[in-house]
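Chain letters run A, B, ... following the sequence lines, proteins first, then strands; residues in each count from 1.
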Amino acid sequence: MNNRAIARLLQTPAVLLLLVWMLVPLGLTLYFSFLRYVLNSLRKPEWTVPQLSNWRGFGNYEYVLYKSKDFWFAIQNSLFIVGSILVITVVLGLAIAVLVNRSFPGRGIVRVLLISPFFVMPAVNAVLWINMILDPVLGLNGLAVEGINHMVAGLKDFPLLGHFFSLWPELEPISFRATQTSAYAVIMMVAWQWTPFAVLIFMTSLQSEDQQQKEAALLDGASAWSQFIYLTIPHLARPIAIVVMIQSIFHLSLYAEIEIVSRGNGNKNLPYLIGEFTSNNIGAASATGIFAVILANIVAIFLLRMVGKNLVD
Amino acid sequence: MASLTLRNVRKRYEAAEVIHGVDLDIEDGEFVVFVGPSGCGKSTLLRMIAGLEEISDGSISIGETEVNEVAASKRGVAMVFQTYALYPHMTVYKNMAFGLKQAKTPADEIDRRVRAAADILQITDYLDRSPRHLSGGQRQRVAIGRAIVRDPKVFLFDEPLSNLDAALRVQTRLEIARLHERLKTTMIYVTHDQVEAMTLADKIVVLRDGVIEQVGSPIALYEKPQNAFVAQFIGSPKMNFFAASDLSKKASKILKTDLTDDMQIGLRPEHMQVCKAADAVVTGTLELVENLGEVALVHLITDTGASFIAKTEKPPKEAKGEAISFTILPELAHYFDKTSGHRIES
Ligand SMILES: Nc1ncnc2c1ncn2[C@@H]1O[C@H](COP(=O)(O)OP(=O)(O)OP(=O)(O)O)[C@@H](O)[C@H]1O
Ligand SMILES: [Mg+2]
């Protein structure tokens, strides 16, 4: 045996393990997605056992695509949530990174504090936000609105100006568990948690920026804004691509936040939809899972292209 | 084009003062070179003129206007950095056009000026390339081109050739000389290479530890260094220094000067001539010969332990350990005060 063959042989167990690890679940999911398979059914008890006689062909896929009302909404909503989080974290991350990149007293402490949201567990993060900040009665949201209303009410008794304030409407706190708003709540809390990640990556990259280039730009008459646009942003292209890629992978599979905020009310993504199907209809859940794999691959190919191009340059 | 005036310019970083009151007049169109050992404040002074460092004290004027409070971009200066500092994400063309674009120059005017500059520097073929795909010498030219298009009143160069290999350095040095010939703009050039200083400068400014040691034309610095530091800094190999006791008994007579013990006698290696022992100003034991082909550098040591170098046309016939005697024309000897280092006119 030559060296190559030995190397191959030695790699085999690890490769096999990985293959089994990935292929078995994928294979089972694929298999279940073609079966009628539910966890319990009084009418058709035979459907509760996964067996070939329950073969349904593409029936589960058809059901998910055309009959279940949430599939297209979940895809749309997934992309909306991920896209919004990406825009917010990248923009905020850039702004904060540039801000704390200058030297000022207490910079070390500020940096540590800035990173800390990233160490909060996602479920804890969601509970904190929805109860302590966004709650329309007990949270900061409710308290702030109440405070403003109170102040406006007090000002109404003011001579002259009082009339002006009496025209103001009474403000209502927004309920973030509602159908229309629950997605925004999730976007806010996840963006809060992941902005530090972006800041961290951008900050390290900013430190390697060439100062003489900036001085050259200064002599060329470039304003701070021009320097940012023409030098800093191109310099950060690669870290931005990395932040976008890593976050897309993580946020396509958001679950805890959605569950805690509204239990999927008005706000679902594919993993959450799968979770809902799993409570009974394993066949439909599996079909949705296959769709999720396809979506993830589309996004991944798209992102890899983008990052790959950046890395080649 | 403009003259430049520095009056009592100082630079302090926190407590430490690194430029201690510099006075300097630079005339319109002059090519001035700052030389000095590493850390003497050349770059700091240049950056203060450019507006990249604040002026702690004193004043800098370009033309008639004091520029202490004028923003870097409004001073009409252009700088070429040691690391080139090209914008890596722009093509050569865009690099050169960037400053004009920021100044909202019309597009056809930009195009005309960029192409004119590219033509002078022979980089027209690379205009669409990214700086990454250029050699060091080409990048250096782009950096110079970027300075030219802005049509500045003063050019500043901070060790522009130090990243180039020896052959390219000689070539680029010539090109910079030609450029000055052509543009006739005031140029200030920082280097610690004295060959660059001697060949390029109309006027050399020798700095040491944030103080000007001497200002003058290259030849004036070579022929009449005002102190021991300048004498040793200009010229290669550097000037030999002797105490009176190192020289022969007859030295006073040959040099037509009363040699005293509080005096340093400076003799340049290239001025020393081999002679008979009876006529010697100084005699040394041969230690080592470096034969450079066109000349030989002969390292010697006197009986009193002073080592010195002589530059001779041919390697000496003497073997290692044998004595060689040297004399020198009296007008070529330099004398400095031993304690203050100031020149003593003989
Ligand atoms: N930001 C700074 N803070 C404190 N000291 C500084 C700073 N910048 C420069 N110095 C000091 O000022 C002195 C002059 O520095 P400068 O860079 O002008 O030297 P230079 O003559 O250009 O040397 P070189 O030939 O090595 O480039 C040095 O002693 C340096 O340590
Ligand atoms: Mg320097």
Crowded around [X] [atom1]? As in, over 12 foreign heavy atoms under 6.0 Å?
X: A/Ile109; atom1: CD1; value: no
X: B/Glu64; atom1: CD; value: no
X: A/Leu128; atom1: CG; value: yes
X: B/Glu27; atom1: CD; value: no
X: B/Glu54; atom1: CD; value: no
X: A/Phe118; atom1: CZ; value: yes
X: A/Arg107; atom1: CZ; value: yes
X: A/Phe73; atom1: CZ; value: yes

Discussion item. Only heavy atoms, only distances under 4.5 angstrom. Which residues in residues 34-50 of chain B are near chain A?
Written reply: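 At a heavy-atom separation under 4.5 Å, chain A is reached by B/Arg47, B/Ala50.
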Discussion item. So if I take each residue of residues 96-114 of chain B and look for any heavy atom under 4.5 Å from a heavy atom in chain A, which residues do I end up with?
Written reply: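 Interface residues of residues 96-114 of chain B: B/Phe98, B/Gly99, B/Gln102.
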Worksheet item: What parts of residues 212-233 of chain A touch chain B if we use heavy atoms and a cut-off under 4.5 Å?
Response: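 Contacts with chain B: A/Gln212, A/Gln213, A/Glu215, A/Ala216, A/Ala217, A/Leu218, A/Leu219, A/Asp220, A/Gly221, A/Ala222, A/Ser223, A/Ser226, A/Tyr230, A/Leu231.
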Worksheet item: Taking every heavy-atom pair that is under 4.5 Å apart, which of B/Ser73, B/Ala147, B/Ala71 has the most such pairs with chain A?
Response: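 The answer is B/Ser73.
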For residues 86-106 of chain A, which side-chain N or O atoms pair as donor and acceptor with protein atoms under 3.5 Å away, sequence neighbours left out?
| from | atom 1 | to | atom 2 | distance (Å) |
| --- | --- | --- | --- | --- |
| A/Thr89 | OG1 | A/Ile85 | O | 2.7 |
| A/Thr89 | OG1 | A/Leu86 | O | 3.1 |
| A/Thr89 | OG1 | A/Gln247 | NE2 | 2.9 |

